[in-house]
Amino acid sequence: MSLEQELFEQRFARIREIAALGYRPYGQRFDFSHTLGAILASYSEKTAEELEANRVTVKVAGRIQTIRRMGKAGFTHIQQSGERLQVYIKKDAVSENEYKLWQLLDLGDIIGVEGYLFRTRTGELSVHAETVTFLSKNLMGMPEKYHGLEDVEIRYRQRYLDLIANPEVQQAFQTRAKVVRSFRRQLEERGFTEVETPMMQSLYGGAAARPFITHHNTLDIDLYLRIAPELYLKRLIAGGMERVFEINRNFRNEGVSTRHNPEFTMLEFYQSYADYRDLMQLTGDLLKQVALDATGNTVVEYQGQQLDFGNVRRYSIREAVCEYWKGPVKPSMDNVRDPEWLLAHSEKTTAGEALVDIFERHCEDALIQPTIIHEYPVEVSPLAKQNPEEPAMTDRFEVFAAGMEIGNAFTELNDPDEQRRRFEMQLSMREKGDDEAHQMDEDYIRALCYGMPPTAGEGIGIDRVTMLMTNAKSIRDVILFPLLRPEGEIGIAQWLREASAK
RNA sequence: GGGCCGGUAGCUCAGUGGUAGAGCAUCUGACUUUUAAUCAGGUGGUCGCGGGUUCGACCCCCGCCCGGCUCACCA
């Protein structure tokens with residue numbers, strides 16, 4: 001039998017001992033008077049004398065993270081929501097039963113403690129326990145107290161253990177919630193309505209990506225998990241819901257990396273009677289406020305760089321190529337307007353695709369500060385409205401920060417016949433082997449045929465924005481359960497079977 | 001999918017072609033303000049899996065599994 005299983009059985013056996021003392025090994029409701037965070041916030045400044053003069057009684061609950069037993073007394077740190085507080089348990093100060101319970105406690109058990117606040121000789125704010133109760137049993141070995149849990153595979157597979165062992169992880173996911181809350185609140189304040197549109201679609205669209213395929217049994221039809229909500233949200237715009245947004249999952253059947261997870265969360269919002277210039281302004285406002293709400297500052301440190309969300313810069317894609325060109329001789333604006341020059345500097349077959357290809361190779365990773373890049377070629381923008389002055393380009397922009405694309409916006413194409421031509425252009429690209437090219441969506445065109453108001457729309461990658469706000473190097477650090485290959489046999493049911501048979 | 005790196009005790013990590021190690025955790029004992037508590041003693045390993053080379057493999061070779069980084073693809 002492995003050490004881990006022996007430990008498991010030892011702890012399993014303690015369930016009976018705990019019950020024999022009159023406690024329920026898996027506890028019952030417990031009214032705590034303060035969260036640990038509230039105690040730390042209110043009493044961290046109080047001196048030992050102040051705490052003694054005005055005795056504060058508290059009732060707290062948490063998971064045992066450390067235990068130091070010394071003869072007839074001892075200390076334990078309990079943790080709640082990522083916050084830790086020390087508890088002092090002395091034989092004289094609790095009942096005989098409670099002291100026996102204390103001697104049975106293991107790392108990872110969850111207990112409730114009532115007592116008064118004081119400072120130890122070394123000055124740490126602590127609870128002097130007067131009563132102790134038992135709330136839940138841990139049967140597992142806990143990660144090392146000093147280093148925590150470092151194995152990234154275990155951290156992602158068993159996120160619960162990561163959250164227990166590494167309190168700062170909770171903080172990152174709190175920040176993620178703040179990001180989402182901030183976007184939602186800001187959009188609601190501006191009159192946007194939150195909606196939910198289908199995740200299972202019989203036609204997929206709104207982005208260039210390969211889909212996941214699933215099947216509905218009773219209808220006997222294959223369905224795609226959506227790659228974007230775009231076409232449904234614009235149907236709502238056509239229907240007269242003038243400002244809508246959705247924050248939800250998209251699914252793209254593509255590789256995983258530090259910046260890509262097959263399912264990821266996207267904010268998309270659409271505003272009738274606006275254009276992409278309005279959204280440039282709005283994007284700057286939204287991001288600035290998100291940074292404030294998530295981190296308390298418009299300047300955010302990311303991987304050693306200071307990102308200033310108070311000042312989102314703007315370049316046209318051509319300006320960016322001229323500015324960030326990596327070779328010794330920077331091209332001129334005339335060069336980057338010239339289809340022959342573009343095709344000579346890229347493997348792509350059209351001037352527009354070549355421009356984007358060059359931009360991605362030369363500029364994208366250099367865009368550290370939050371930056372809007374505007375004017376994208378029509379070939380790569382099948383749903384965006386053309387620029388009236390220059391039909392080869394669309395009224396579209398993307399937002400970059402830390403070398404990552406975090407947003408994409410454009411004035412929506414609302415001319416049904418032009419949309420038909422764009423879809424047909426995509427179909428011919430598909431025939432040439434581009435399996436990410438757009439499908440024809442006739443119901444969407446039909447909606448446009450009823451007349452959709454001039455509209456601007458935008459998508460913002462919530463996971464990536466959260467990476468920036470939490471200084472996360474990998475998208476997996478801001479997704480609670482990132483996609484991993486399934487693990488092998490775990491075998492814990494057998495452990496329980498054996499332990500409970502004894 | 002390609003390249004590179006990694007998988008050794010529950011956790012964090014050393015290690016060498018010749019009997020598998022440390023710290024923490026765990027167990028026993030001491031200790032009524034400790035805090036990476038301390039002190040004394042003990043338990044604990046299919047060295048990711050499967051082949052091969054060798055007198056002998058955790059170590060060398062081949063295949064596979066899982067993960068990380070990176071490139072490709074993408075947001």
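Just so it is clear: chains get the letters A, B, ... in the order the sequence lines come, proteins before strands, and each one is counted from 1. Model, not experiment: these values are computed from the prediction.
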When we call it a touch if two heavy atoms are under 4.0 Å apart, what does R252(A) touch: a base, just sugar-phosphate, or nothing? base

Base, sugar-phosphate, or nothing for R476(A), non-hydrogen atoms under 4.0 angstrom? sugar-phosphate

If you look at every strand shown and take non-hydrogen atoms under 4.0 Å, does E436(A) touch a base, only sugar-phosphate, or nothing? sugar-phosphate

Any side-chain N or O of R259(A) below 4.0 angstrom from OP1/OP2 of A75(B)? no

Considering only atom P, compute the distance from G23(B) to C66(B) and round it to an integer number of Å. 35 Å

Is it true that, when you exclude Q171(A) itself, more than 12 heavy atoms of the residues, nucleotides or ligands shown sit nearer than 6.0 Å to its CD? no

Can you tell whether the side chains of R396(A) and E398(A) come within less than 4.0 Å, N to carboxylate O? yes

Between R14(A) and V256(A), whichever has its closest RNA chain B nucleotide further toward 5' is R14(A)

Quick one: label N261(A) by what it contacts on the DNA or RNA (base, sugar-phosphate, nothing), any heavy atom closer than 4.0 Å. base

Look at T258(A) and C69(B) and indicate whether a side-chain polar atom (N or O) is within less than 4.0 Å of OP1 or OP2. no

Counting heavy atoms not belonging to E347(A), are there more than 12 under 6.0 Å from its CD? no

Sub-4.5 Å side-chain heavy-atom contact between R181(A) and R184(A): no

Using a heavy-atom cut-off of 4.0 Å across all strands, would you classify E124(A) as base, sugar-phosphate, or nothing? base

Assess, by modelled atom type and distance only, whether the side chains of Y376(A) and N408(A) contain a donor and an acceptor separated by less than 3.5 Å. no

In this structure, are over 12 heavy atoms from other groups packed under 6.0 Å from K288(A) atom NZ? no

Under-3.5 Å donor-acceptor pair between Q86(A) side chain and U34(B) base: yes

Atom C1', compared across G15(B) and C47(B): separation rounded to whole Å: 11 Å

Can you say whether the rings of H128(A) and Y116(A) are parallel (under 30°), tilted (30 to 60°) or perpendicular (over 60°)? parallel

Whether each nucleotide of nucleotides 6-15 of chain B has a protein heavy atom under 4.0 Å at its base (B), only at its sugar-phosphate (S) or at neither (-) is summarised, 5' to 3', as ----BBSS--

Between R249(A) and A75(B), is there a contact of a side-chain N or O with OP1 or OP2 at under 4.0 Å? no

Base, sugar-phosphate, or nothing for R157(A), non-hydrogen atoms under 4.0 angstrom? sugar-phosphate

So A93(A), base contact, sugar-phosphate only, or nothing? Heavy-atom distance under 4.0 Å. nothing

Mind checking F118(A) for me? I need base, sugar-phosphate or nothing, with any heavy atom below 4.0 Å counting as a touch. base

Consecutive-pair stems (3 or more, Watson-Crick or G-U, under 3.5 Å) for RNA chain B: B:1-7 with B:65-71, B:10-13 with B:21-24, B:26-30 with B:38-42, B:48-52 with B:60-64

How would you label the contact of R210(A) with the nucleic acid (heavy atoms, under 4.0 Å): base, sugar-phosphate, or nothing? nothing

Pair H34(A)-Q80(A), side-chain donor/acceptor within less than 3.5 Å: no

Determine whether the aromatic ring of F75(A) stacks with the base of A37(B), defined as ring centroids separated by less than 5.5 Å and ring planes inclined by less than 30°. no

Taking the six-membered ring for Trp, are Y324(A) and H362(A) ring centroids under 6.0 Å apart? no

Look at the side chain of R68(A) against the base of U34(B) and say whether a donor-acceptor pair falls under 3.5 Å; ignore hydrogens and angles. yes

Between G68(B) and U19(B), how far is it from one C1' atom to the other, in whole Å? 35 Å

Examine G67(B): is either OP1 or OP2 under 4.0 Å from a nitrogen or oxygen in the side chain of R485(A)? Give yes or no. yes

